[in-house]
Amino acid sequence: MTYLAAFLASALLVGLKSIQQISVIKGRHAWVVPVSYGLAACEITIIGKVARNDGNRLVLALAIGTGAWIGCFAGMALDELIGG
């Protein structure tokens, strides 16, 4: 469950980072505050999972890394859906 939670938090974190960067570039000021709080929640989750991990750090890194690239693609796709 730790690896799944880390994967999901990483996917959401990087997806939100992508949305945040796109929002800055496109001047979407309304998105900045809520996305920032989402970023903070994801970072706390990931840090907590890493700090408490008694398992395989390589598997944890793979879960977080895989979540990151999936989240990045998802954030870019979401931007296209909401008006790219």
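- Although no hydrogens or angles enter the test, the distance criterion places a donor-acceptor pair under 3.5 Å between the side chain of Tyr3 and the main chain of Asn56.
- Shortest non-hydrogen contact noted between Leu60 and Ala6 is CD1-CB, 3.5 Å.
- By the criterion of side-chain heavy atoms lying less than 4.5 angstrom apart, applied directly or through intervening Ile, Leu, Val, Met, Phe, Trp or Tyr residues, Ile64 is grouped together with Val59 in one hydrophobic cluster.
- For the residue pair Gly75 and Ile19, the shortest heavy atom distance occurs at O-CG1, 4.1 Å.
- Listed here is the closest heavy atom pair of Val14 and Ala68: CG1-O, 3.2 Å.
- Looking at heavy atoms from C-beta onward, Asp79 lies out of side-chain contact with Ser18 at the 4.5 angstrom threshold.
- Under the side chain to side chain contact (heavy atoms under 4.5 Å, CB included) criterion, Trp69 pairs with Thr66, Phe73, not counting sequence neighbours.
- Evaluation of the side chain to side chain contact (heavy atoms under 4.5 Å, CB included) rule for Ala41 yields no partner, not counting sequence neighbours.
- Residues satisfying the side chain to side chain contact (heavy atoms under 4.5 Å, CB included) test with Ile25, not counting sequence neighbours, are none.
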Exercise for review: For the pair Ile82 and Arg28, evaluate side-chain contact (heavy atoms from CB on, under 4.5 Å) and give the outcome as yes or no after the intermediate values.
Suggested key: CA-CA 12 Å; Ile82 62 173; Arg28 295 181 184 152; 4.0 Å; yes
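- The backbone N or O of Ala9 sits nowhere less than 3.5 Å from a side-chain atom of Thr45 that would complete a donor-acceptor pair.
- With sequence neighbours left out, Ser36 forms a side-chain hydrogen bond (donor to acceptor under 3.5 Å, both in side chains) with Gln20.
- A search for side chain to side chain contact (heavy atoms under 4.5 Å, CB included) contacts involving Glu43 returns Leu13, Lys17, not counting sequence neighbours.
- In the hydrophobic clustering of ILVMFWY residues, with side-chain heavy atoms under 4.5 Å counting as a link, Leu4 and Ile70 come out together.
- Residues Leu78 and Val35 fall within the same hydrophobic cluster, defined by Ile, Leu, Val, Met, Phe, Trp and Tyr side chains chained together at heavy-atom separations under 4.5 Å.
- Annotation for Tyr37: hydrophobic cluster partners, listed by chain and number, are Val33 (ILVMFWY side-chain heavy atoms under 4.5 Å, direct or chained).
- When the side chains of ILVMFWY residues are joined at heavy-atom separations under 4.5 Å, either directly or via intervening members, Leu39 and Trp31 end up in a single hydrophobic cluster.
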